[in-house]
Number of protein chains: 2
Amino acid sequence: MNNKDFRILLVDDEPDILEFIAYNITKEGFEVCTAQNGKEAIDVAKKVNPHLILLDVMMPEMDGIETCEILRQEEDLKDTIIAFLTARGEDYSQIAGFDAGGDDYITKPVKPKVLLSRIKALLKRFRASNEDEKSEGLVIKQSDLVIDKEKYIVTKSDKELILPKKEFELLLLLITKPDKVFTRDEIFNAVWGENIVVGDRTIDVHIRKLREKIGDNHIKTIKGVGYKFVN
Amino acid sequence: MNNKDFRILLVDDEPDILEFIAYNITKEGFEVCTAQNGKEAIDVAKKVNPHLILLDVMMPEMDGIETCEILRQEEDLKDTIIAFLTARGEDYSQIAGFDAGGDDYITKPVKPKVLLSRIKALLKRFRASNEDEKSEGLVIKQSDLVIDKEKYIVTKSDKELILPKKEFELLLLLITKPDKVFTRDEIFNAVWGENIVVGDRTIDVHIRKLREKIGDNHIKTIKGVGYKFVN
DNA sequence: AATCAATATTAAGATAAAGTTAAGTTTTTT
DNA sequence: AAAAAACTTAACTTTATCTTAATATTGATT
């Protein structure tokens, strides 16, 4: 997949910024479209179905957060990555942004190089998850476990287990690559996200609950390294 | 690439802060060096060529912004990430920081966990560009041994061996260059890290345990020089 | 062959990492 | 608004792994 196959929707109310950023990402070969407010953004998004939306938080009328929440309800856009553009110091918006379904936030002013590096990182995630889904389908089977990603259900030898979100995602992560050791950092990034900070023992507690439900012998600890799923 | 392979230069005029932050990032295994002013920072940066510089903005004589501008002129430091440390509310400095070539800013006071999360996010960019690691095969084979880095497993003629972290890394080091003699210093630097001090016999004990598991005839002692892996 | 520094061997002690539990928070559901 | 569920934290326990220390062995050098 080439840069030119990625559609990026850029939303900001200031024409200067719009032009500046659009220029820089166009130069890298991405396909860019723009919108000046939340309403327009939603219209354009529905039409072009972009892979990535760069969404300014501070906008008149409908702000970025609100726009994001509406975008997230759109079924077609569920795979779209949404990154917020926020002015420095707007700590609150960062947190709220994640609640609203944002995947990342980028603080303005941002240097073109940095921005592009962030965009590429985000799109890499897209590539990765896209390939996963195609190759693996929505149901994963490993030993006595069947995981249905869509239904959010785990079946252990024909018994249905209902796992809370975090436990489910943790299991899903480990099980996608059986035997691979996932470091704590990898797990945090994948399950909690890069910018969320939680205590050291949180992961252990979730591992424990998982083991309680799927059996002790599936998740193995490699002390000082991480955890892995084994059959 | 391991945390201990990342060099971080920390610059702040207040010894307390210096010590506090240094303590916290050292604990995570990063290699840290410090400087108390802009001039010193430039000297040290040239010498150690750090991956990341955490630079306090408010410093007597030469402030962080100015220091950054000078650092940015250094050819060797063009890949170095520079992040500013600023007190909350110093609005101006943040903007100026980006003009000066900074990549990020972090507001003080900062909680250790948050700081570390930010640092890891910044260094991830480095890792990403340095990504030959992944393509560089995760499995190494030598004589009857197969080492799987991803799974953290060593297989000796179809028998799985589980090696603890230090033993695994030690074997990995030796086996990447069969027949090369690694001195004790080289081994310490690679497996333990530059700043960790352990007794002389520690290495012998690990070698012994390795020999116990993979067979006596693979690791050869060159008295007075070091150890090497032979087939 | 005697010497001596370097390495080997062991087992015990120390340590850092992970496990456990229960009590707080927060979020979601009713 | 109350209740329940999910998540996080914190204090404490356990354990695998690492280090040390004491003693033995090796092998180069004279």
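Per chain, numbering begins at 1; letters A, B, ... match sequence-line order.
The line from CD of E167(A) to CD1 of I207(A) is 10.0 Å long, rounded to the nearest 0.5 Å.
Here the P atom of nucleotide dA5(D) and the CD atom of E212(A) are 15 Å apart, to the nearest Å. As a whole-Å value, the separation of L161(A) CG from dA5(D) P is 16 Å. Counting to the nearest Å, the P atom of dT15(C) and the NZ atom of K27(B) are 16 Å from each other. We find that OH of Y152(A) is positioned 19 Å from P of dA5(D), with the value rounded to whole Å. Whole-Å rounding puts the K220(B) NZ to dG27(D) P distance at 11 Å. The separation between K213(A) atom NZ and dA5(D) atom C1' is 10 Å, rounded to whole Å.
Considering every non-hydrogen atom in both V230(B) and K220(B), the closest pair reads CG2-CB, 4.5 Å. The minimum heavy-atom distance between A45(B) and I53(B), with the atom names listed, is CB-CD1, 4.2 Å.
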Protein proximity profile, nucleotides 11-23 of chain D - base contact B, sugar-phosphate-only contact S, no contact -, cut-off 4.0 Å on heavy atoms | B---BBSBBB-B-
Atom pairs and distances, donor-acceptor, side-chain atoms in residues 15-34 of chain B, under 3.5 Å, two or more places apart:
| residue | atom | partner | partner atom | Å |
| --- | --- | --- | --- | --- |
| N24(B) | ND2 | F20(B) | O | 2.8 |
| T26(B) | OG1 | A22(B) | O | 2.5 |
| E28(B) | OE1 | K120(B) | NZ | 3.1 |

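The ring-ring contact (aromatic ring centres under 6.0 Å, His included) test applied to Y152(B) returns F168(B), not counting sequence neighbours.
Between R211(B) and dA8(C) there is a side-chain N or O to OP1 or OP2 distance below 4.0 Å. For Y227(A) and dG19(C), the shortest distance from a side-chain N or O to OP1 or OP2 is below 4.0 Å. OP1 or OP2 of dT7(C) has at least one side-chain nitrogen or oxygen of R184(B) nearer than 4.0 Å.
At the heavy-atom level, F168(B) lies nowhere under 4.0 Å from the strands shown.
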Run the numbers on D79(B) and H51(B) for side-chain hydrogen bond (donor to acceptor under 3.5 Å, both in side chains), then give the verdict.
-> CA-CA 7 Å; D79(B) 292 328; H51(B) 298 88; over 6 Å; no
